[in-house]
Engineer: 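I have a structure here, written as structure tokens, and I will follow up with some questions on it.
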There are 2 protein chains.
Amino acid sequence: MQVKDLGEFGLIAALMAGQQTSAGVVVGAGDDAAVVEITPGKLVVYTCDCMVENVHFVKTAQGSDVGFKLMMSNVSDIAAMGGQPRYAVVTVVAPHDTSVEWLQDVYKGIRECSEIYGVAIVGGDTSKGGQIMLNVTLIGEIDSHKAMLRKNALPGDIVAVTGSLGGSAAGLRVVLEKVPQSLPAAQAVLRKHYRPQAQVSAGLVLAKMGCVCANDISDGLASEAREIAHASGVAIELDAADIPIDKETHEVAQLCQEVSLEYALYGGEDYELVFCVPQETWQAVAHALPKARKVGIVKPGQGVHLRTKMGLSPLGQAYNHFS
Amino acid sequence: MQVKDLGEFGLIAALMAGQQTSAGVVVGAGDDAAVVEITPGKLVVYTCDCMVENVHFVKTAQGSDVGFKLMMSNVSDIAAMGGQPRYAVVTVVAPHDTSVEWLQDVYKGIRECSEIYGVAIVGGDTSKGGQIMLNVTLIGEIDSHKAMLRKNALPGDIVAVTGSLGGSAAGLRVVLEKVPQSLPAAQAVLRKHYRPQAQVSAGLVLAKMGCVCANDISDGLASEAREIAHASGVAIELDAADIPIDKETHEVAQLCQEVSLEYALYGGEDYELVFCVPQETWQAVAHALPKARKVGIVKPGQGVHLRTKMGLSPLGQAYNHFS
């Protein structure tokens with residue numbers, strides 16, 4: 001069935017079918033706006049992320065994977081602030097002849113991710129357009145004065161990540177048929193690529209432990225570390241040997257004759273957090289988050305530098321829209 | 001200058017230049033997410049609206065008019081719930097060769113509208129894409145249990161609007177060069193078309209006076225009344241003679257050999273509110289909102305019916321995306 005067979009209101013009904021009621025939703029989808037309850041004494045954390053056909057996905061992709069990752073990227077932004085995601089609205093722009101089943105599959109993925117993280121979808125907008133564009137806006141809650149910001153890194157801080165990196169980029173190599181899907185390593189990194197996990201629990205733990213600086217790794221560690229260094233007016237030194245990379249990621253990189261470290265630094269979409277904490281806090285954090293790994297240190301200066309066996313060298317640019 | 005000359009971060013800087021700080025914004029644009037303060041004891045009201053190139057606007061349109069109307073349509077949805085708009089995030093999808101100046105002009109219009117209604121822009125997302133798509137998500141505040149919903153109309157209620165209708169549709173006729181721009185009437189309706197006013201104050205007054213049913217008139221009175229009738233399980237009878245239409249709108253319709261009543265019923269984008277109140281409340285409402293006019297009555301049954309000199313007849317469908 002195509003979108004034009006249903007019309008606007010039919011499409012909305014098809015996408016919202018199976019929607020559950022959620023605590024805190026006073027008015028959900030179907031009126032001028034949604035009304036939601038936010039806990040008094042908490043701040044509201046607020047983000048949006050879009051995905052565009054032929055930029056972030058192709059129409060032959062599994063809709064549920066597209067939807068899952070779209071919602072995940074928003075959840076991850078809330079996680080990086082130390083927030084609890086709560087309520088989302090979704091904008092769907094699609095050509096007349098878009099398959100309704102495909103869009104319903106996108107919504108299935110959006111809902112799968114929403115259910116994992118306790119997000120309620122409370123509204124949205126639809127429009128025709130020349131290509132598919134999906135936008136999610138997500139609000140969450142955050143304990144007052146606990147937000148983890150990019151600008152708060154201080155010289156001497158430990159730089160750490162919540163888990164292993166590069167898996168999603170390795171998964172993309174499998175999608176691009178550089179490696180046989182049948183290999184166990186390929187299956188492992190495919191899961192990392194299609195079903196990344198936003199680090200909401202880790203973010204809440206970090207915020208509670210007094211961490212005031214974090215970023216989610218959507219564009220690769222190099223790019224996220226650079227954002228922190230730039231916003232904080234500091235330099236970040238990463239140690240190549242300390243960056244956690246799963247053995248399956250190494251295996252795929254080897255089969256592709258590529259360097260797994262580059263997947264970790266430039267690949268993106270891992271949705272782990274990179275954060276900075278004072279040295280005296282690090283042991284407690286490492287105990288609370290067993291998968292967390294120290295990857296570097298904050299220094300006075302600027303830019304991001306990588307320490308390898310060959311010494312220390314500045315890291316290059318990563319992906320950038322419009323460039 | 002084109003978007004590709006600036007890159008993603010340059011574009012964001014160009015669009016956010018001149019952004020003011022606003023009360024309640026703890027963290028604005030530039031981190032993973034924004035953090036805003038919402039007054040304890042109030043509910044959050046939450047909406048999004050998008051505009052797509054060649055659907056809602058053409059690239060030769062004045063950017064500031066596009067941006068103004070985009071933000072206005074969101075503000076109007078908050079107004080229709082009886083809320084006070086507060087914080088917005090903006091998604092911009094644009095092709096590589098899009099003029100930066102045009103997008104900055106869009107942002108100028110977004111900001112003009114935001115300043116009128118006290119909205120702070122706190123973040124957003126950008127992506128390349130095959131056509132321009134703009135999405136605004138807006139959150140506002142609403143006194144608990146005061147939301148005005150489409151489903152709350154009751155038989156016997158007065159149906160009223162906050163002001164005159166059809167002016168925006170008349171303005172569109174001027175844009176489409178059906179009428180000379182030099183006429184004073186043309187100038188008046190052009191303002192209605194390019195700079196419609198969301199009825200935030202009226203919405204707050206209505207909510208305070210106990211009105212529990214309203215809708216903003218974005219798609220024409222017929223469509224909005226139908227939404228109320230459908231959601232409330234009632235019939236609405238509109239009286240053609242009572243629908244307020246400015247003399248300039250009549251004049252433009254006459255020059256086009258069209259019927260101004262059709263502009264009011266099907267034109268849309270007037271952004272007045274249509275609302276339902278018990279008969280005993282109507283006098284006080286009319287006193288508090290001098291521009292408000294009774295346009296009909298709620299009856300048991302279903303659908304929307306129009307009373308004219310020829311009697312009562314059912315009203316047809318209005319505009320619908322994808323149809």
Side-chain angles (χ1 to χ4, degrees), chain A residues 3-4 6-9 11 26-27 30-38 40-41 43-52 54-56 77-78 80-81 83 87 89 91 93 96 122-131 133 135 137 139-140 142 147 149-151 215-216 231 320-323, chain B residues 3-4 6-9 11 26-27 30-38 40-41 43-52 54-56 77-78 80-81 83 87 89 91 93 96 122-131 133 135 137 139-140 142 147 149-151 215-216 231 320-323:
Chain A
V3 165
K4 68 171 185 284
L6 282 182
E8 183 177 7
F9 299 107
L11 175 63
V26 182
V27 179
D31 217 295
D32 298 291
V35 179
V36 296
E37 192 157 31
I38 298 282
L43 294 171
V44 173
V45 57
Y46 193 15
T47 190
C48 64
D49 241 338
C50 71
M51 289 179 81
V52 179
N54 297 330
V55 178
H56 301 88
D77 279 330
I78 301 282
M81 303 293 281
Y87 306 110
V89 292
T91 297
V93 175
H96 277 141
V122 296
D125 191 24
T126 56
S127 172
K128 63 187 170 197
Q131 76 190 130
M133 285 174 271
N135 188 78
T137 303
I139 56 180
I142 196 168
L149 308 184
R150 295 175 187 166
K151 67 171 184 186
N215 212 351
D216 72 318
N320 168 330
H321 277 290
F322 305 116
S323 66
Chain B
V3 164
K4 70 170 182 286
L6 282 183
E8 183 176 6
F9 299 108
L11 176 64
V26 182
V27 179
D31 217 295
D32 297 291
V35 180
V36 297
E37 192 158 33
I38 298 281
L43 295 171
V44 173
V45 58
Y46 192 16
T47 189
C48 64
D49 240 339
C50 71
M51 288 177 80
V52 179
N54 297 332
V55 178
H56 301 88
D77 279 330
I78 301 282
M81 303 294 280
Y87 306 109
V89 291
T91 297
V93 174
H96 276 141
V122 296
D125 191 22
T126 56
S127 171
K128 63 188 170 196
Q131 75 190 133
M133 189 215 64
N135 188 78
T137 304
I139 57 178
I142 196 167
L149 308 183
R150 295 176 186 164
K151 67 173 184 184
N215 212 350
D216 73 317
N320 170 327
H321 277 291
F322 307 115
S323 67

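We name chains A, B, ... by the order of the sequence lines, and we start the count at 1 in each one. Computed from a predicted structure; not experimentally measured.
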Engineer: If we define contacts as heavy-atom pairs under 4.5 Å, which of A:Val44, A:Val52, A:Leu43, A:Ile78 has the most with chain B?
Structural biologist: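 Looking at each option in turn, the highest pair count goes to A:Val44.
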
Engineer: So for A:Ala147, is it side chain, backbone, both, or neither that comes closer than 4.5 Å to the heavy atoms of chain B?
Structural biologist: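 Interface part for A:Ala147: side chain.
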
Engineer: Please rank A:Val89, A:Thr47, A:Asp125 by heavy-atom pairs under 4.5 Å with chain B and give me the top one.
Structural biologist: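 Ranked by heavy-atom pairs under 4.5 Å with chain B, first place is A:Asp125.
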
Engineer: Is it true that a side-chain atom of A:Tyr87 and a backbone atom of A:Ala34 form a donor plus acceptor pair closer than 3.5 Å?
Structural biologist: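 No; judged by distance alone, with no hydrogens or angles, the pair does not exist.
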
Engineer: What part of B:Asn215 gets within 4.5 angstrom of chain A, counting heavy atoms only: side chain, backbone, both, or neither?
Structural biologist: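 For B:Asn215, the contact with chain A is made by backbone and side chain together.
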
Engineer: Counting only heavy atoms closer than 4.5 Å, note whether B:Ile142 contacts chain A via side chain, backbone, both or neither.
Structural biologist: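 Contact with chain A: side chain only.
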
Engineer: What residue in A:Val26, A:Asn135, A:Asp216, A:Val36 has the most heavy-atom pairs under 4.5 Å with chain B?
Structural biologist: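 Among A:Val26, A:Asn135, A:Asp216, A:Val36, the one with the most close pairs to chain B is A:Val36.
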
Engineer: Out of curiosity, B:Gln131 CD to A:Gln131 CD, how far, rounded to the nearest 0.5 Å?
Structural biologist: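 The CD atom of A:Gln131 is 6.0 Å from CD of B:Gln131, to the nearest 0.5 Å.
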
Engineer: Tell me which one of A:Thr91, A:Thr137, A:Ile139 satisfies side-chain contact (heavy atoms from CB on, under 4.5 Å) with B:Thr137.
Structural biologist: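 Answer to the side-chain contact (heavy atoms from CB on, under 4.5 Å) test with B:Thr137 among A:Thr91, A:Thr137, A:Ile139: A:Thr137.
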
Engineer: Between chain A and each of B:Met51, B:Lys151, B:Glu37, B:Met133, count heavy-atom pairs under 4.5 Å; write down the option with the most.
Structural biologist: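 Winner by heavy-atom pair count: B:Met133.
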
Engineer: Hey, which of B:Gly124, B:Cys50, B:Gly41, B:Pro40 has the most heavy atom pairs under 4.5 Å with chain A?
Structural biologist: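 The option with the most such pairs is B:Cys50.
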
Engineer: Any Lys/Arg nitrogen of B:Arg150 or A:Asp32 sitting under 4.0 Å from an Asp/Glu carboxylate oxygen of the other?
Structural biologist: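 Looking at B:Arg150 and A:Asp32, the cut-off is met.
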
Engineer: State, to 0.1 Å, how close B:Val55 and A:Lys128 come at their nearest heavy-atom pair, and which atoms those are.
Structural biologist: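 Shortest heavy-atom contact: CG2-O, 3.5 Å.
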
Engineer: Under 4.5 Å from any heavy atom of chain A, what part of B:Val45 do you find: side chain, backbone, both or neither?
Structural biologist: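 Both parts, backbone and side chain.
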
Engineer: Would you mind checking which part of B:Val27 comes under 4.5 Å of any heavy atom in chain A, side chain (CB onward), backbone (N, CA, C, O), both or neither?
Structural biologist: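 For B:Val27, the contact with chain A is made by the side chain alone.
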
